[in-house]
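Computed over heavy atoms, backbone and side chain alike; hydrogens, waters and symmetry mates excluded.
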Amino acid sequence: MSSFQRENDAAISLFKRLEFAVTPIVSGDFTHHTHHHRDRAAMASRVSFTQYRLEAEIERYRAECQWEKIPGMVEQLLAARIHEDDDYGTLLLAEALLEECLQENTDLLRSSTPLMDRTQSKLSRAKGHLNTILSQGRLTPRYLNEALLLMAKVHYVQGRYRDAQGMCARVGIEHLTQDDQPVYHLRLLAEAFVIKGLSLDHQKVSTVSRVRLIEREEESLSCFLRACDTALSYLQELDKVVMTPHTKTAKGSPAPPPMDIDLSFFQQAALQSAYLCLLQRGHLAQGAHQLRRVLRVVESRGSQSFRKSAARKLAEVLLSSVSEDSYWLPLGHPPSAWLHREGAAASKDAIYPTIKPPQRYSTDGAFCPQDVVEEAVLLLLITESMASGEAVISRSPDQAEARQASLQDATSIYDLLSIGMARRGQYAMLSE
């Protein structure tokens with residue numbers, strides 16, 4: 001054996017001994033760290049998935065206004081130790097308490113009667129939570145905006161309209177209008193607009209100059225128009241959420257029926273305030289134009305009652321205020337002469353474009369009425385069909401109020417139908 005080969009064999013033997021001595025230490029330590037990091041990664045993955053699942057479920061409940069489920073979700077957040085370093089759970093509880101209080105006091109809200117802390121425990125607790133949140137400042141800008149909007153709502157329902165307006169002014173609207181925002185942000189945005197508009201309308205104007213009064217009226221109207229379009233967009237998006245299955249069902253069992261949508265006071269105000277404001281100020285052409293605009297929006301389940309009211313109101317305006325000669329087609333803009341009489345250069349929706357426009361029906365090939373009576377009668381027949389489907393005929397005592405409202409609905413529709421069809425001499429059809 002050559003000396004070179006002996007040296008080579010010795011070097012190989014030494015390398016193997018070194019490898020044997022070193023490898024267990026290095027590989028053992030590396031394996032330990034690998035398992036440690038892998039366990040941490042798995043734990044982080046589980047936590048992030050749990051957080052994603054809980055937050056997605058909470059966003060859905062907030063979109064659907066299922067406030068009774070929020071406390072249970074907050075308990076799950078606490079159990080999973082999620083959002084420990086901020087006031088997210090407190091924000092959710094404040095919103096649920098506030099909304100439940102408003103649901104219980106709809107009649108007082110409609111009459112603009114301020115709600116008091118001493119008689120409304122849920123309102124008092126919600127306000128306490130919100131004061132704590134805003135004083136501590138531990139929320140991210142997104143959730144801080146939501147807290148500000150909720151506090152604006154508290155100020156409004158307690159009759160502090162200037163404070164409500166100021167709170168709305170502090171909200172970063174851009175955070176609510178970005179792409180890929182949760183559906184409930186559309187609800188908050190619509191409510192923010194209508195609260196600001198109503199707050200402006202409620203403030204005393206005795207010491208305000210005429211110029212400032214006109215500016216305030218224009219500002220409130222722009223808020224109402226944007227609130228309406230945003231609320232319609234919210235209801236369209238909510239339909240997609242409600243119709244998407246989100247609960248596991250057994251094989252072969254039918255999916256649960258979609259939940260009923262009961263609009264809150266502020267959601268109804270967001271839908272109706274624009275056309276009511278225009279009509280109350282004597283802007284009949286622009287009010288009729290706004291009603292036509294909302295009736296062209298793609299229907300959603302939550303908007304059905306509103307559409308019935310809007311169609312009846314439009315028929316009433318057409319029959320009472322629009323003559324055959326001054327009539328303009330439904331897809332056109334109000335005549336410039338009418339707008340000029342109302343002190344406007346253009347229709348208000350053109351002056352104040354909306355941030356989140358709702359989806360509208362295509363007008364291609366659609367039937368279009370050619371005169372005022374034709375449009376009014378068509379609207380009333382559609383409204384009559386909707387009212388008939390919702391009529392309450394039960395004689396049960398607990399249905400008395402709903403039965404009376406149903407009767408009033410039908411009576412107002414047939415009164416207007418009598419006027420419209422009598423103008424055409426359609427007495428036989430009316431008697432049917």
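- Taking the six-membered ring for Trp and the full ring otherwise, the centers of H185 and Y234 sit at least 6.0 Å from each other.
- With rounding to the nearest 0.5 Å, the separation of CD in E384 from CZ in R312 is 12.5 Å.
- Counting non-hydrogen atoms of neighbouring residues, nucleotides and ligands closer than 6.0 angstrom, the CZ atom of R360 exceeds 12 such neighbours.
- Here the closest non-hydrogen pair linking L318 and L379 is CD1-CD1, 4.0 Å.
- With salt bridges taken as basic N to acidic carboxylate O contacts below 4.0 Å, none links R138 and D85.
- T113 places no side-chain N or O within donor-acceptor distance of the main-chain N or O of L109, the cut-off being under 3.5 Å.
- Taken from CG in L123 to CD in E100, the straight-line distance is 12.5 Å, to the nearest 0.5 Å.
- Both tests hold for R292 against W328: distance to the six-membered ring centre under 6.0 Å, angle to the ring axis within 45°.
- If you check the side chains of Q286 and Y275, you find no donor sitting under 3.5 Å from an acceptor.
- Cation-pi geometry between R296 and Y361 is not met: the NZ or CZ atom fails to fall both under 6.0 Å from the ring centre and inside 45° of the normal.
- A donor-acceptor pair under 3.5 Å is formed between the side chain of D371 and the backbone N or O of E374.
- Nearest heavy-atom pair across P334 and L339 is O-CD1, 3.8 Å.
- Side-chain contact between V241 and E237 is absent, with no heavy-atom pair separated by less than 4.5 Å.
- Inspection of the E104 and Q120 side chains reveals no N or O donor paired with an N or O acceptor under 3.5 Å.
- E375 places a side-chain heavy atom less than 4.5 Å from the side chain of P330.
- Between the side chain of R60 and the main chain of V183, no donor-acceptor pair closer than 3.5 Å is present.
- In this structure, L221 and A274 approach most closely via the heavy-atom pair CD1-O, 4.2 Å.
- Put simply, the side chain of Q158 gets close to the backbone of L115: a donor and an acceptor are under 3.5 Å apart.
- In this structure, the separation between CG on L130 and CE on M167 is 9.0 Å, given to the nearest 0.5 Å.
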Test Y61 against E57 for side chain to side chain donor-acceptor pair (under 3.5 Å), laying out the working first. CA-CA 6 Å; Y61 290 147; E57 201 165 352; 3.1 Å; yes
### Task
Please step through side chain to side chain contact (heavy atoms under 4.5 Å, CB included) for the pair L186 and L235, ending with a clear verdict.
CA-CA 9 Å; L186 286 173; L235 291 175; over 6 Å; no
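- Taking 4.0 Å as the cut-off between side-chain N and carboxylate O, K122 and E99 do not count as a salt-bridged pair.
- C168 is listed as a side-chain neighbour of I195, based on a closest heavy-atom distance under 4.5 Å.
- Looking only at distances, a side-chain donor or acceptor of T132 sits under 3.5 Å from a matching main-chain atom of G128.
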I'd like to know whether L108 forms a side chain to side chain contact (heavy atoms under 4.5 Å, CB included) with V157, so could you lay out the CA-CA distance, the side-chain angles of the two residues, the decisive distance to 0.1 Å, and finally the verdict. CA-CA 9 Å; L108 293 178; V157 301; over 6 Å; no
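- Heavy-atom minimum distance, L291 versus A310: CD2-O, 3.7 Å.
- For the pair L149 and E191, the minimum side-chain heavy-atom distance is 4.5 Å or more.
- Under a 3.5 Å cut-off, the side chain of T230 and the backbone N or O of A227 do not form any donor-acceptor pair.
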Apply side chain to side chain contact (heavy atoms under 4.5 Å, CB included) to the pair H155 and Y161, showing each step before the final yes or no. CA-CA 7 Å; H155 286 319; Y161 304 120; over 6 Å; no
Could you walk me through whether E299 and Q236 satisfy the side chain to side chain donor-acceptor pair (under 3.5 Å) test, starting with their C-alpha distance in whole Å, then the side-chain angles of each, then the deciding distance to 0.1 Å, before giving a yes or no?
CA-CA 8 Å; E299 187 173 0; Q236 288 177 349; over 6 Å; no
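- Within the 3.5 Å criterion, the main-chain N or O of A285 finds a donor-acceptor partner in the side chain of E342.
- Side chain of Q267 to backbone of S264: a donor-acceptor contact under 3.5 angstrom is found.
- In plain terms, the two heavy atoms of V317 and L284 that are nearest each other are CG1-O, 4.3 Å.
- Counting heavy atoms from C-beta outward, L77 and I58 have side chains that approach closer than 4.5 Å.
- Interatomic distance, CG of L276 versus CZ of F224, reported as 9.5 Å (0.5 Å rounding).
- Proximity of the aromatic rings of Y88 and Y143 is defined here by a centroid distance below 6.0 angstrom, and this criterion is met.
- Taking T363 as the reference, nothing meets the side-chain hydrogen bond (donor to acceptor under 3.5 Å, both in side chains) condition, with sequence neighbours excluded.
- Two residues are said to be in side-chain contact when any heavy atoms from C-beta on lie closer than 4.5 Å; L417 and L381 meet this criterion.
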Is there a side chain to side chain contact (heavy atoms under 4.5 Å, CB included) between D229 and R293 once you walk through the steps?
-> CA-CA 10 Å; D229 278 2; R293 284 183 70 246; 3.0 Å; yes
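- We find that E59 and R142 are joined by a salt bridge, their nearest charged nitrogen and carboxylate oxygen being less than 4.0 Å apart.
- Although no hydrogens or angles enter the test, the distance criterion places no donor-acceptor pair under 3.5 Å between the side chain of R187 and the main chain of A63.
- Inter-residue side-chain proximity for V297 and Q359 is flagged as unmet; no heavy-atom pair is nearer than 4.5 Å.
- With sequence neighbours excluded, the residues forming a side-chain hydrogen bond (donor to acceptor under 3.5 Å, both in side chains) with D86 are H83, listed by chain and number.
- Between Q272 and K313, the side chains place no donor N or O within less than 3.5 Å of an acceptor N or O (distance only, hydrogens not considered).
- Side chain to side chain, Q370 and Y327 fail the donor-acceptor criterion of an N or O pair below 3.5 Å.
- Residues L102 and L98 are in side-chain contact: their nearest non-hydrogen atoms beyond the backbone lie under 4.5 Å apart.
- Under 3.5 Å, the side chains of Q304 and R307 contain no donor-acceptor pair of N or O atoms.
- The closest donor-acceptor contact from the side chain of S273 to the backbone of A270 lies at 3.5 Å or more, if one exists at all.
- To the nearest 0.5 angstrom, Y414 atom OH is 15.0 Å from I419 atom CD1.
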Self-check item: Derivation and outcome, side chain to side chain donor-acceptor pair (under 3.5 Å), residues S124 and S121
Solution: CA-CA 5 Å; S124 178; S121 61; over 6 Å; no
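- Residues G420 and L319 come closest through the heavy atom pair CA-CD2, 4.0 Å.
- Taking CG of L200 as the start and CD of E219 as the end, the distance is 5.0 Å to the nearest 0.5 Å.
- Under the 4.0 Å criterion applied to side-chain N and carboxylate O atoms, D201 and R216 are not assigned as salt-bridge partners.
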